[in-house]
Amino acid sequence: MKVLVPVKRVVDYNVKVRVKSDQSGMDIANVKMSMNPFDEIAVEEATRLKEKGVAAEVIAVSCGVAQSQETLRTAMAIGADRAVLVQTDAELQPLAVAKLLRAVVDKEQPQLVILGKQAIDDDANQTGQMLAALLGWPQATFASKVEVADGRAVVTREIDGGLETLSLTLPAIVTTDLRLNEPRYVTLPNIMKAKKKPLDTHTPEDLGVDVAPRLKTLKVSEPPARKAGVKVADVAALVDKLKNEAKVV
Ligand code: AMP
């Protein structure tokens, strides 16, 4: 069974981004870029499936600028066997990414696609769901446990009220939540090995996908600064303030 893992190159989670002065977007010139953390969890999960003998091959795919190759090399250092880059300088919105991924799925015919639940740059949380809809495949989002056997994926997912378990027929789409696993530390020998693994490059044009944006950003602004809090002497004072000032109890 082949497992496809889409990985996105995003601003590193430690970077504090700033809004551009013209409010057209975030200023990400010269900031550190890394693999989206949820995608690292997805690559780790696919690699574990391979190590258990459930998956035969793990393919990482990224859509974006040429530097996304670095993200794909990291995926291969974790354990992906090969990689596919869909290279473009165009701004890619989730629907465009989902269409590109559908084209890669058509070529590669994986039985399972494991995506991150969301990319931490735009926090869209849309691509996996859109890909499932485009392919007409079952989906289990926010997975905290995945078991694959006998042509099915049994997925435990985190929902507001607790945990839910879904049994999906393959091929299927799964998106990862934080508690699914803890990605392994990438070792130097594996980074060196990853440099020799195959990386194919396509373009949206040769996949026949129109990636024109469907949404327009009108303005990006900082959230309003929070007012400083107050310290209360004891619980009685707190309850008094909640009752008489905030009027919430
Ligand atoms: P989003 O819907 O943008 O929050 O992203 C959800 C997931 O879709 C990510 O965690 C990735 O697995 C995948 N994804 C989003 N954008 C890309 C991209 N440009 N290239 C590859 N995978 C992507």
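Start at 1 and go down the list; that is how both ligands and their atoms are numbered. Every heavy atom of this structure was used, including side-chain atoms; hydrogens, water molecules and symmetry mates were not.
- Under a 4.0 Å heavy-atom criterion, V86 is not in contact with ligand 1.
- Atom 16 (N) of ligand 1 has its closest protein heavy atom at K8 CD, 3.3 Å.
- A 6.0 Å sphere centred on CD of E51 holds more than 12 heavy atoms belonging to other residues, nucleotides or ligands.
- Between V148 and V3 the shortest side-chain heavy-atom distance does not fall below 4.5 Å.
- Shown are V97, T176, L101, V7; of these, the side chain to side chain contact (heavy atoms under 4.5 Å, CB included) with L115 is made only by L101.
- The ligand atoms of ligand 1 that sit less than 4.0 angstrom from a heavy atom of V7 are 20 (N), 21 (C), 22 (N).
- L131 places none of its side-chain heavy atoms less than 4.5 Å from the side chain of W137.
- Of the protein's heavy atoms, G116 O, 3.3 Å lies nearest to atom 7 (C) of ligand 1.
- The N125 neighbourhood of ligand 1 comprises atoms 1 (P), 2 (O), 4 (O), with distances under 4.0 Å to a heavy atom of that residue.
- Between T156 and E164, the closest side-chain pair of non-hydrogen atoms is not below 4.5 Å.
- Partner of K117 under the side chain to side chain donor-acceptor pair (under 3.5 Å) criterion, out of N36, T175, D177: D177 alone.
- Between D121 and M26 the shortest side-chain heavy-atom distance does not fall below 4.5 Å.
- Heavy-atom contacts of L115 reach the following atoms of ligand 1: 8 (O), 12 (O), 13 (C) (cutoff under 4.0 Å).
- Those atoms of ligand 1 with a heavy atom of A124 less than 4.0 angstrom away are 1 (P), 2 (O), 3 (O), 4 (O).
- Between E158 and L178, the closest side-chain pair of non-hydrogen atoms is not below 4.5 Å.
- From the protein, the heavy atom lying nearest to atom 20 (N) of ligand 1 is C63 N, 3.0 Å.
- The closest side-chain heavy-atom distance from M130 to Q93 is not below 4.5 Å.
- For the pair F142/N125, a side-chain contact is recorded, criterion being any heavy-atom separation below 4.5 Å from C-beta on.
- Under a 4.0 Å criterion applied to the non-hydrogen atoms of A119, ligand 1 contributes the atoms 1 (P), 3 (O), 4 (O), 5 (O), 6 (C).
- In terms of protein heavy atoms, atom 22 (N) of ligand 1 is closest to P6 CB, 3.4 Å.
- The shortest contact between atom 1 (P) of ligand 1 and any protein heavy atom is with T127 OG1, 3.4 Å.
- Of all atoms in ligand 1, numbered sequentially from 1 with element shown, those under 4.0 Å from a heavy atom of V61 are 21 (C).
- The contact set between ligand 1 and V97, taken as ligand atoms under 4.0 Å from a residue heavy atom, comprises 16 (N), 17 (C), 18 (C), 19 (N), 23 (C).
- Distances below 4.0 Å separate heavy atoms of N36 from the following atoms of ligand 1: 9 (C), 10 (O).
- Note: an N/O pair closer than 3.5 Å links D39 and ligand 1 by distance alone.
- Not close to ligand 1: D122, with no non-hydrogen atom less than 4.0 angstrom away.
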